[in-house]
Amino acid sequence: MRIDIVTIFPKMFSPVLNESIIRIAQAKGKVKFYLHDLRDYTPDKHRKVDDRVFGGGSGMLMRPEPLFNAVEAILSKTKKNKPKVILLSPQGKKLNQKICKAIAKEKQLVLLCGHYEGVDERIRKNLVDEEISIGDYVLTGGELAAMVLVDSVVRLLPGVLGDKNSLNFESFEGNLLEHPHYTRPANFRNMAVPEVLLSGDHKKIAAWRKEQALKRTKERRPDLLKKAALG
Ligand code: 9D3
C-alpha cells in the first residue's frame with residue numbers, strides 16, 4: 001500500500017511511522033509513506049493555507065487551492081492507481097474495525113489532515129472520497145486522527161502481523177471484550193491467578209473465559225452485546 005499524507009505538520013509523523021509495527025511493515029515493503037507539507041502547494045509567497053469564512057463568523061477555514069494542488073500533484077505522480085482520498089474531520093463517519101478492514105484493501109490512500117474550523121465545502125464535495133472521524137471528542141487537527149487510521153490499517157495488511165494471531169482474533173472481534181489474562185507468577189504479592197487457569201482442564205478454562213468475556217462486556221460495553229445479538 002502507498003499512503004500519501006498531506007499536512008501542515010509533516011514532522012509530527014516521523015516518530016510514529018518509525019517505530020513498532022509500522023516501521024517493520026515499511027522494512028518488509030508492505031507500505032510506503034509519502035509526506036507532503038501543505039504549505040509547499042500554496043499559490044502565494046506567504047504560504048497561507050487558511051482564510052476567513054464567507055458570510056461572517058469566527059474562525060478560519062482551510063482554503064481550497066493548496067489542498068486541490070497537493071492532491072492533483074499526487075495523482076499525477078501515481079497514475080496507475082486510483083487512490084482513495086480521505087479527509088480526517090470531526091464531521092466524518094466514526095472509524096470502526098469494519099471501516100479499517102475495507103480501507104486495508106485499497107492500493108493507495110491520500111490522507112488530508114484538516115485544521116482550524118474545518119475545510120471549504122468545495123474540498124469535501126469535489127476532492128474527497130471519504131470523510132472519517134476517530135470519535136466524539138475535539139482534537140486540534142487531523143494529524144493524530146490520520147496516525148490512528150494508519151496504525152489500525154497497516155497492521156491489517158497481509159504479511160504485516162503473524163497471521164495465526166490475527167485470524168484467532170477475528171472470530172470475536174467487535175462482539176465481545178476479551179476475558180482477563182494472567183501471566184507468571186501464579187501468586188504475585190498474595191494476588192493469586194484464578195485456580196481454573198492452572199487446572200489444565202481446557203474445557204473448563206474455555207467456559208470460564210466465555211463467561212468472563214460476557215460479564216465484562218455486559219458491565220463495560222452493553223452496546224457491543226446489543227450489536228452482537230442483532231448481527
Ligand atoms: C466548534 C466546532 N468544532 C467541531 C467540533 C470545530 C472543530 C474542532 C476541531 C473543527 C476541527 C477540529 C480539528 N479536528 C479534526 O481535524 C479531527 C477530529 C476531531 O477533532 N475529533 C475526532 N476525529 C477527528 S478527525 C479530524
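For ligands, and for the atoms within them, numbers begin at 1 and follow the listed sequence. As the structure is a prediction and not an experimental result, all values here were calculated from the model.
- We find that D120 and R122 are joined by a salt bridge, their nearest charged nitrogen and carboxylate oxygen being less than 4.0 Å apart.
- Here the heavy atom of the protein found nearest to atom 4 (C) of ligand 1 is P90 CG, 4.3 Å.
- Nearest-heavy-atom check against atom 26 (C) of ligand 1 across G135, C113, S89 picks out S89.
- Ranking the protein heavy atoms by distance from atom 18 (C) of ligand 1 puts L139 CD1, 3.7 Å first.
- Using a 4.0 Å heavy-atom cutoff, I132 is listed among the residues neighbouring ligand 1.
- Of the charged side-chain nitrogens involved, none lies within less than 4.0 Å of a carboxylate oxygen, so that R47 and D44 do not count as a salt-bridged pair.
- The pair E211-K215 fails the salt-bridge criterion, with no side-chain N (NZ, NE, NH1 or NH2) lying under 4.0 Å from an Asp/Glu carboxylate O.
- Atom 11 (C) of ligand 1 has its closest protein heavy atom at Y116 O, 3.4 Å.
- In terms of protein heavy-atom proximity, atom 23 (N) of ligand 1 is nearest to I134 N, 3.0 Å.
- Of the possible donor and acceptor atoms, none in the side chain of R23 sits under 3.5 Å from a partner among the backbone N and O of L17.
- The closest protein non-hydrogen atom to atom 21 (N) of ligand 1 is Y137 O, 2.8 Å.
- Within ligand 1, the atoms closer than 4.0 Å to a non-hydrogen atom of G142 are 15 (C), 16 (O), 26 (C), numbered from 1 in the order shown.
- Side chain of H181 to main chain of H179: a donor-acceptor pair is present (N/O by atom type, distance under 3.5 Å, no hydrogens or angles).
- The protein atom (non-hydrogen) at minimum distance from atom 5 (C) of ligand 1 is V138 CG2, 4.1 Å.
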Passes salt bridge (charged side-chain N to carboxylate O under 4.0 Å, His left out), E131 versus R124? Steps please. CA-CA 8 Å; E131 207 172 327; R124 176 172 287 124; 2.8 Å; yes
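- Listed by number with element, the atoms of ligand 1 under 4.0 Å from a non-hydrogen atom of A145 are 25 (S).
- The shortest contact between atom 3 (N) of ligand 1 and any protein heavy atom is with E117 OE1, 4.2 Å.
- In summary, D4 and R2 engage in a salt bridge, as defined by a charged side-chain N under 4.0 Å from a carboxylate O.
- Using a 30° and 60° split on the angle between ring planes, Y182 and W208 fall in the tilted class, from 30° to 60°.
- Those atoms of ligand 1 with a heavy atom of S133 less than 4.0 angstrom away are 22 (C), 23 (N).
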